[in-house]
Amino acid sequence: MTDKIIRIAIDGPGGAGKSTVAKAVANRLNIDYIDTGAMYRAIAYKFLNKGFTANSINDPDFKASVNQILDSSKVDYSQGVTTLDGEDVSKAIRTSEITAAASAFSAIPEVRKKLVALQRDMSRRKSLVMDGRDIGTNVIKDAEVKIFLTASPEKRARRRYEELIQKGLKVQYAEILSEMKKRDDDDSSRDLNPLTMAEDAIRVDSSNMNVNQVVDLICDEIEKHS
Ligand code: DC
């Protein structure tokens with residue numbers, strides 16, 4: 001690859017394999033990877049620790065404290081580690097409670113304003129792979145390569161189910177599928193920066209592809225821009 005800056009935006013619904021694929025692409029190109037979902041999760045973790053839940057969003061108490069909480073929160077993502085106020089929260093933000101809360105809190109304009117500004121700063125003047133929901137449509141509108149990675153809800157739920165079962169967790173496939181569909185709906189229907197495919201993005205349906213095939217396909221696209 002040349003010294004040219006190349007920013008790769010990977011968007012798509014939850015469970016499509018974005019972070020696995022994005023990490024592998026970044027590794028292959030030896031460039032940074034930023035998981036923006038982890039940043040929304042870290043903010044959700046903070047709100048939950050402050051005693052707010054996804055149901056608090058319209059409460060006057062919550063509205064009165066949002067800005068103060070955000071102003072006093074420091075979120076960072078670097079080298080695979082998510083930090084909140086200097087504490088490594090990478091593991092703590094992977095619970096199903098945080099998954100649901102991150103989706104709900106990510107619809108709040110003040111939350112998006114803070115994290116989008118941070119993400120734009122992180123993506124300035126360097127090559128990187130960034131994944132999320134609004135990277136190609138909002139955070140890095142002029143990204144050199146935009147990928148919309150998707151798969152059927154059934155396939156995504158099946159993969160998540162198998163992953164959790166392997167970890168020894170007792171979960172129900174039907175429950176995972178219904179949570180996944182709800183999150184798809186919420187992430188795609190929110191007013192601000194909803195999950196949509198950028199007009200200039202390449203749509204990759206990974207329903208019948210393995211990780212290596214998806215990574216190869218994306219690297220081929222990147223090669224065209226190098
Ligand atoms: O990618 P993830 O599942 O870790 O993301 C958690 C939530 O954060 C997701 O449901 C929606 C939100 N999110 C977002 O609104 N914008 C992004 N760029 C990334 C994630």
Side-chain angles (χ1 to χ4, degrees), residues 7-23 25-26 32-48 53-54 57 66 70 73 75-77 80-84 89-123 128-141 143 146-151 153 155-157 159-161 163-164 176-198 201 206:
R7 293 155 308 161
I8 300 136
I10 304 186
D11 291 303
K18 294 187 300 292
S19 54
T20 308
V21 163
K23 246 181 250 169
V25 171
D32 278 356
Y33 160 60
I34 311 270
D35 175 353
T36 64
M39 300 169 77
Y40 286 93
R41 285 169 182 268
I43 287 290
Y45 179 83
K46 175 94 175 217
F47 284 134
L48 292 180
T53 68
I57 287 174
V66 165
L70 289 174
S73 303
V75 177
D76 195 21
Y77 183 91
V81 178
T82 313
T83 51
L84 173 69
V89 293
S90 314
K91 272 218 180 93
I93 58 171
R94 296 293 157 193
T95 64
S96 53
E97 189 190 11
I98 299 278
T99 303
S103 176
F105 289 121
S106 70
I108 299 170
E110 292 89 340
V111 169
R112 303 207 70 79
K113 191 169 166 224
K114 178 182 172 96
L115 294 187
V116 168
L118 249 172
Q119 291 154 9
R120 286 196 179 133
D121 248 22
M122 292 167 126
S123 61
L128 85 174
V129 182
M130 191 176 265
D131 80 345
R133 303 290 187 289
D134 62 338
I135 311 306
T137 52
N138 177 45
V139 179
I140 325 179
K141 275 196 190 136
K146 297 183 186 178
I147 306 290
F148 191 82
L149 184 61
T150 188
K155 268 277 153 90
R156 288 185 278 126
R159 286 178 192 155
R160 181 60 50 88
Y161 171 77
E163 201 181 297
L164 295 174
I176 292 178
L177 178 62
S178 97
E179 281 169 9
M180 200 152 257
K181 285 183 171 167
K182 176 178 181 338
R183 199 149 72 99
D184 284 357
D185 278 353
D186 291 346
D187 291 347
S188 314
S189 65
R190 66 167 177 244
D191 290 341
L192 201 56
N193 318 138
L195 169 68
T196 46
M197 184 172 122
S206 73

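The analysis underlying the following values was restricted to heavy atoms, covering all of them including side chains, and did not include hydrogens, waters or symmetry mates. On a predicted model such as this, the values are computed, not experimentally measured, just so you know. Counting convention: from 1, in listed order, for ligands and their atoms alike.
Asp32 meets the salt bridge (Lys or Arg N to Asp or Glu O under 4.0 Å) test with Lys126; sequence neighbours excluded. The salt bridge (Lys or Arg N to Asp or Glu O under 4.0 Å) search around Arg94 returns Asp35, not counting sequence neighbours.
Close approach to Ser106 involves these atoms of ligand 1, each under 4.0 Å from a residue heavy atom: 11 (C), 12 (C), 15 (O). When each atom of ligand 1 is checked for a heavy atom of Tyr40 under 4.0 Å away, the hits are 8 (O), 13 (N), 14 (C), 16 (N), 17 (C), 18 (N), 19 (C), 20 (C). Short contacts between ligand 1 and Asp134, defined as distances under 4.0 Å to a heavy atom of the residue, involve ligand atoms 16 (N), 17 (C), 18 (N).
Some N or O of Asp187 is nearer than 3.5 Å to an N or O of ligand 1, by distance alone. Note: an N/O pair closer than 3.5 Å links Arg133 and ligand 1 by distance alone.
The protein heavy atom nearest to atom 16 (N) of ligand 1 is Arg112 NH2, 3.1 Å. Counting protein heavy atoms only, atom 3 (O) of ligand 1 is closest to Arg183 NH1, 3.0 Å. Closest protein heavy atom to atom 19 (C) of ligand 1: Thr36 OG1, 3.4 Å.
Put simply, the residue from Arg112, Gln119, Arg120 that forms a side chain to side chain donor-acceptor pair (under 3.5 Å) with Asn138 is Arg120.
In summary, the side chains of Thr83 and Asp76 do not present any donor paired with an acceptor at a separation below 3.5 Å, with no hydrogens or angles considered.
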